[in-house]
Each structure stands twice: as C-alpha cells, then as structure tokens.
Amino acid sequence: MKEIRSTLVWPLVALVVLLVFNAVASPGFFHVEWKDGRLFGTVVDIFNQGARVPMLLALGMTLVIATGGVDLSVGSIMAVSGAVAAMQVNAGASMGQAVAAGLGLATLLGLVNGVLIARVGLQPIIATLVMMVAGRGLAMLLTGSQMVPFANRSLTWLANGSVGGLPVPVVLVLLLAGVTGWLLRRTAAGLFIEATGDNEKASRLAGIQTGGVRLAVYGFSGFCAGLSGVLEAANISAADPARIGDTRELDAIFAVVAGGTALTGGRFSLAGSVVGALLLQTLTLTLYNQNVAPAVAPVPKAVVILAVCLLHSPRLRARFGKRTQSVAA
Amino acid sequence: MSELLHANGIVKRFGSFTALKGVTFRLRAGEIHALMGENGAGKSTLIKVLTGVHEADGGTVTVAGRGIRAASPREAEAAGISTVYQEVNLLPNLSVAENILMGRQPMRGPFIRHGEVKRRARAALARLGLEVDVGALLGSFPVAVQQMTAIARALDQEARVLILDEPTSSLDARESEELFAVMRRLRGEGMGIVFVSHFLDQIYAVSDRITVLRDGALVGTWEAAGLPRLELVSHMIGKEVTASSGDGGVVCGGGAEAFRVEGLERRGVVGPLTFSVAAGEATGLAGLLGSGRTETARMLFGIDGATGGRVKAGGEEVALGSPRAAMAAGLAFCSEDRKVEGIIPSLSVRENIVLAMQASRGVLRRVPRAEQEALAAKFIAALNIRTRGPETPIGTLSGGNQQKCLLARWMAMQPRLLILDEPTRGIDVGAKAEIEALCGELRRAGMSILFISAELEEVVRNCSRVVVLRDRRQAAVLDGPAISLRTIMETVAAS
C-alpha cells in the first residue's frame with residue numbers, strides 16, 4: 001500500500017503545480033457555476049474530456065502494460081465502435097442496441113489482439129500495430145470513408161447529459177474505474193496480472209494460466225476503447241472514421257506511465273493512471289488557454305511528461321538524493 | 001610435442017567473487033584436450049578469457065611462445081584461437097560461404113569477390129570432408145552442418161587452437177561420430193583442440209589429455225589413458241573415494257508406493273526412466289552435470305512433456321501434460337532457477353507464498369486476505385524466513401530466504417510429491433541445513449520428495465532411494481543400504 005501511495009505522489013505533485021499555475025495565469029480557472037441543473041466550468045471540462053478518452057483508454061492500457069505488453073490499437077478500435085454505434089442508430093436501433101454493438105465489436109477486436117499475442121505468440125507491439133492499421137481500415141470500410149452524422153438524443157445524452165449535476169462520462173468512467181479496481185482486488189485477477197507481468201515463466205510454473213490472463217486484458221482494453229469511441233461519436237453526434245481516436249493510444253500510454261505503472265510490467269496502479277490522465281488533460285487545456293499554437297503544443301507537453309517519468313526513476317532519484325547529500329556535507 | 005597454448009596463473013574476478021583462482025592450462029599442438037568440471041568450476045570463464053570475451057585480472061596467455069593480450073574476440077582470432085560454441089553463433093540468414101568468410105571477405109576495390117568467397121568456403125569445408133551448397137542460407141541446414149561451418153570458419157582463418165564448447169549436446173550419435181572424425185583429422189594436421197563435454201564416453205573416445213577444474217582452481221591434468229573414470233569423477237566433484245565415506249544416512253522406511261514412473265521419456269532429451277517413489281520418503285536423482293536430472297524433473301511436472309511412458313499414482317495413470325495438470329495430480333516443483341522460474345520479484349513475500357494455492361483455486365475464489373496473512377505468518381515462523389515483514393518484495397530477500405518462500409509456496413499446496421531441484425544451490429550454509437531439516441519433517445509428515453542435487457553427500461544424507469543418471473539415461477536405482485558416495489560415483493563412472 002505504501003508503495004502504491006508513493007507512486008501516486010509525483011503525478012499528483014505535477015497536477016497541483018499545473019493547477020496553481022493556472023489559478024495565477026488565468027483568473028476564473030476554478031470558477032464553477034450551476035446552470036440548468038448541472039455544473040459548468042473549466043475544471044469540469046477537464047474531468048469530462050479527460051474521462052471520455054485518456055482516462056477510459058488508460059484503464060484498459062494499465063492492465064495491458066501491467067502484463068508487460070502494450071496496446072497500440074485502442075485509437076483505431078475507438079473509430080470502429082463509434083462508427084458501428086452511429087450506423088446502428090441510423091438503421092433504427094435503440095441507443096442500448098447501438099452501444100452494445102459498438103462495445104461488442106470492440107471487445108472482439110481486443111480479443112483478436114489477445115489471441116495473436118497469447119496463442120500465436122506475436123510481440124504485443126507488432127500484433128496491436130497490425131490491429132491499429134487494420135482497425136482504422138475497417139472503420140473506413142464500414143462507413144465508406146464518410147462522416148456518419150446521426151440524430152439520437154439518448155446517444156448524445158451519453159456524452160453531453162448530466163447525472164446529479166455531473167457530466168455522464170465522468171460518472172460512467174469513474175464508476176467503471178471503481179468497479180474494475182474493486183473486482184481486481186476482490187478476485188485474484190489483480191494478483192495474476194501482476195505476477196504474469198513480473199515473471200511470466202515463474203507464474204506459469206506456479207499454475208497461473210498466463211495465456212488466459214493476457215487474452216483477458218487485451219479484451220478489456222478493447223472494451224474500454226469501444227466505450228471511449230462511442231462517447232466521442234456521441235459528443236458531436238457524428239462518427240468521423242478518420243479522426244476519432246487518432247494518436248490517442250499515445251495519450252493512454254502517457255497517462256499510464258505518468259501514473260507510475262512501469263512499461264516493464266508487474267505492479268500497477270489504476271488510481272495513478274486516472275491521475276495521469278487528468279494531468280494530461282489539464283496540460284492540454286492549459287496550453288490551449290495560454291494560446292500556444294496546437295502545432296507547437298506537443299513540445300511543452302513532452303517536457304512535462306519526461307519530467308514526471310524521470311521523477312519515477314529510482315536510479316535518478318537516488319543520484320539526485322546523493323548529490324544533495326554531498327552538497328549538504 | 002610442442003606446446004601451443006600456455007595459460008599461466010589466470011585470475012578472473014567478478015566483483016567480490018573470484019571465478020578463476022590462478023588456473024594454469026597447457027595445450028600441445030596435435031592433441032585433443034578435454035576440459036572438465038562441474039557447475040561453477042570455471043570452465044566457461046577460462047574459455048572466455050582465452051577467447052578475449054573477458055579480460056583476465058592476472059596471469060598470462062602465450063600462443064606458440066608469443067604472449068598475447070586478447071582484449072577482444074577479434075584479437076584472440078588474430079592470434080589463432082577460434083571457438084565453436086554449443087549454440088552456434090553464426091548468422092542463419094546469410095549463406096554458408098558468407099558465414100565462413102564474414103569479416104575477411106576478399107575484395108576488389110569496394111566490392112566483395114563473391115566467386116572467391118565461395119571458392120575459399122568450399123576449400124575449407126573440403127578439409128572437413130563436407131560438400132554442401134555454400135550459397136544456401138546457413139539456417140536451412142541442420143545444427144551439425146552449422147557446427148561444421150563454424151569449424152570451417154576457424155580453418156579459413158588458420159586457427160591453431162580450436163575450442164569446442166559442448167559441441168555434441170545437440171547432435172545425435174552419428175553426427176557426433178562425424179564430428180570426432182573431423183577432430184581427429186585436424187589433430188593429425190597439428191591443431192590443438194580444447195574439448196568440453198558432459199558425456200564421459202565421448203571424453204574418453206577422443207581425448208588425449210584431461211584437465212579438471214573445480215571451484216575456479218586447477219585440480220590437475222592427466223593423460224586420458226592413465227585416468228580411470230572413477231578417479232576422474234572424484235576429481236570433478238572433489239570427494240575422495242574411500243570405502244567408508246558418506247554411507248547412507250536415511251534408512252529405507254519401507255513406505256508404501258506413492259508414485260510409479262514407467263518408461264517415462266522425452267525422446268532425444270532424457271529417459272526412459274522406471275522407478276517408484278515411496279510415501280514419506282525422499283528419492284534422489286544423482287548424476288553429473290548434464291546427465292538429465294533437471295530434464296527429468298521438468299518432464300515429470302509437465303513443463304517439457306514426455307513423449308513416452310506413464311506415471312501412476314496408486315495404480316492409476318495420471319496425466320502430467322502441463323504444470324496445472326501435474327499440480328492437480330498432487331505434484332509440486334521447486335525449480336533450480338530461482339530467479340527465472342521461481343520468484344515473482346516485485347510481489348510481496350505473502351503474495352509469492354499464496355500464488356500456487358490461488359492459481360489452483362482459480363481467479364474467482366480469492367484466498368481471503370486474512371487467510372493469506374495467516375498463511376504467510378505461519379510459514380515465515382515455521383521456516384524461519386528472515387524478512388522485514390510479509391509485505392516486503394521477495395526480490396529484496398537473500399537467496400536462502402527466497403528459496404524458503406518458494407518452499408512455502410509449494411508446502412501450502414500440501415502436495416503428495418514435492419520435486420526439489422537443487423534446493424540448496426547458492427544459499428548459505430545455515431539455510432542449507434534448515435532446508436535439509438525441513439525435508440526431514442515433510443517426509444515424516446508423509447510427503448514424498450524427489451530430491452535433486454549436484455552435491456552427492458546431500459543426496460546420500462537425505463534419500464532412501466537414489467536413481468542414478470548417466471548421459472541422460474537411467475544407469476541404476478540404488479536402495480537403502482546400497483546408497484553411498486562410492487556406489488553412486490561408481491555407477492556414474494561406469495562405461
């Protein structure tokens with residue numbers, strides 16, 4: 001428990017620093033008002049946009065990375081599920097049916113990743129790279145490369161509605177994160193995932209079905225990406241097969257790594273990934289508020305991410321600690 | 001005969017560990033010289049010093065009277081020392097000819113003379129009596145041909161010293177014979193050959209002299225013809241063979257048969273083996289390094305599945321196709337490779353202990369936290385595991401304490417047969433004694449143990465039956481009073 005808390009410290013520190021900067025640089029940053037039965041404000045936007053994509057993707061990505069893998073296909077899977085949901089409501093399906101179709105296909109694609117990795121034996125980076133390319137192609141094929149607009153109020157409500165004053169995506173994603181975290185620790189799934197990522201050979205010899213573990217985490221990552229894709233489409237009442245989820249897999253990986261889960265696998269922290277996703281979203285919005293041109297924005301973003309990752313490195317911290325000690329002496 | 005290579009007083013340290021303590025090794029021109037030793041004897045380190053992979057911390061190496069200071073494999077090759085490793089380290093996606101001449105291709109200006117490359121490659125292979133399409137990819141040939149290619153490469157660079165490091169371990173009997181014929185031919189041409197092998201038969205078939213290393217020190221060099229096998233074995237394991245030494249410490253308890261292994265084998269790897277394991281007794285697997293001890297354990301636990309034979313428990317055949325199946329049949333396996341196949345380093349002592357039990361219960365039936373903590377506390381106390389607490393990552397513990405955690409992992413399963421592969425390797429003396437005492441307690445509680453150790457005295461002390469392996473086959477099964485250092489060593493050394 002102590003260990004997990006200490007990994008949470010650095011992304012939290014970075015988040016607080018950013019928030020303080022914003023409080024000073026852009027007055028009204030923390031201004032929140034109640035209008036039409038829901039909350040509005042910059043902070044609420046950060047939570048809302050952060051939940052819709054980076055947080056949701058990071059949930060699945062955390063477990064994949066904990067097994068020592070990576071999932072590059074989440075952005076493309078978002079495009080597929082968004083397109084499927086949009087086409088379903090246009091074909092007369094209900095919101096529930098459309099969402100189920102999108103999530104079902106997304107989970108299936110995730111499981112295909114899992115089969116390629118756990119059964120066929122491909123490297124995760126290769127298998128999901130294939131799915132990244134193929135998934136985007138599938139989304140284009142399904143939609144004829146055209147934007148799919150739709151008019152379905154319940155589907156749009158998923159992204160723009162509110163529950164108890166909070167945006168629906170925030171409630172949905174925090175609930176999903178909570179239930180996932182609870183289930184992982186309530187069952188032995190969390191232990192099996194960490195054991196598989198830390199030492200797969202030893203885990204197998206201890207009787208863990210490591211292939212099944214890997215299959216499941218890629219399936220779950222597909223599911224999360226599917227939900228994210230549906231929310232993205234619902235947000236603008238249209239599925240854009242070319243742009244939904246484009247390069248968002250990188251955001252997810254950043255969020256997970258910034259949250260303290262090592263790319264080498266093993267111990268993971270869902271809470272860390274949630275904070276990491278918020279950090280990323282705050283940074284994006286801060287740069288936007290400071291009128292940094294979107295094309296240039298990745299540079300300061302990269303610097304902050306690098307800083308957080310370096311703070312996680314025990315070797316660097318040890319060296320830094322040594323130097324301050326010798327200065328003191 | 002002239003002396004070709006003289007390594008004098010070689011010292012090599014890795015941190016605080018001294019791998020070679022002043023080893024002297026002399027190789028004559030026109031001889032095949034076997035280099036022998038058990039695990040940790042220093043064979044590999046000596047070879048790596050000779051071939052420039054490691055730089056020695058002390059001592060000198062001379063080749064044909066000229067001192068060399070091989071700081072890189074390239075310099076060693078230039079001095080005429082070539083090595084063929086067990087796992088052929090050539091490039092499978094290049095042609096045979098390219099592999100033979102890699103790095104020394106005849107050039108015309110900036111261009112490789114491909115015709116000349118092939119001609120020289122064919123010439124080198126012809127000296128070995130081998131004719132293959134030198135333009136074909138190396139990877140398309142069997143290991144035996146790849147090895148010949150590696151030797152041909154040595155010939156082309158006019159090597160005078162050829163080091164063959166376990167060249168026969170992946171060859172069948174016929175291929176090995178062909179390799180020996182080539183070795184004899186090269187010896188006739190005046191080359192000095194260093195031969196490393198775990199198979200005593202092969203050592204005596206081709207070697208002129210034998211040098212034995214043990215624990216990083218030279219034990220001695222002998223003419224092969226004048227060194228009886230038994231004496232060689234006793235030099236390797238460092239035990240004098242006397243009539244009284246280390247007689248059986250465990251009397252056969254006459255326990256009921258718990259498991260029966262019938263003709264179990266994995267073709268080309270180990271077996272067939274036939275023996276029975278009694279309830280409440282320890283059965284030992286003894287033999288030299290490479291004799292098939294670990295392979296037997298892995299086959300039993302379903303890691304590398306058997307290709308023939310069966311295992312019966314209480315008269316009924318049990319399926320051992322995978323570790324999970326073996327666990328369901330009541331088996332447990334503590335691997336000799338603690339780091340790679342045992343511990344989950346960043347997980348806690350508690351999590352490492354409950355892992356196998358949790359795995360057998362399945363993902364949904366989680367062992368309750370309170371039960372996990374009770375289990376961890378019980379084993380930490382019972383096995384005297386020295387850790388700051390049950391939540392400490394196991395990777396930070398000492399080797400002996402890690403080993404005890406792994407024992408706890410399997411004891412928690414209450415298996416009927418516990419396979420212990422080198423349970424005392426690399427741990428301190430105190431922990432060794434504790435683990436042996438623990439084995440005794442488990443036996444008395446009715447558990448069967450399959451005990452594997454390179455230290456024959458340990459086997460003699462703990463086991464009431466010993467299966468002796470030689471060259472990956474079962475050589476004998478010794479029972480109760482028949483177990484002694486001497487009988488085991490005689491069986492190992494018999495031809």
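So you know, we letter chains A, B, ... as the sequences are listed, proteins then strands, and number each from 1. What you see is a predicted model, and the numbers here were worked out from it, not measured in a lab.
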Heavy atoms from other residues, nucleotides or ligands near CZ of R186(A) exceed 12 (cutoff 6.0 Å) = no
Determine whether more than 12 heavy atoms belonging to other residues, nucleotides or ligands lie under 6.0 Å from atom CD of E373(B).
-> yes
When rounded to the nearest 0.5 angstrom, what distance separates CG in L285(B) from CZ in R293(B)?
-> 9.0 Å
Residue among S203(A), A195(A), G266(A), G197(A) with most heavy-atom pairs under 4.5 Å to chain B = A195(A)
Among I126(A), V133(A), I125(A), which one satisfies side chain to side chain contact (heavy atoms under 4.5 Å, CB included) with L72(A)?
-> I125(A)
Counting heavy-atom pairs under 4.5 Å with chain A, the top scorer among P345(B), A328(B), G302(B), G342(B) is P345(B)
Can you tell me which portion of [X] sits under 4.5 Å from chain A's heavy atoms? Options are side chain, backbone, both or neither.
X       : value
L347(B) : both
R365(B) : neither
I343(B) : backbone

What orientation do W410(B) and F301(B) show, parallel under 30°, tilted 30 to 60°, or perpendicular over 60°?
-> perpendicular
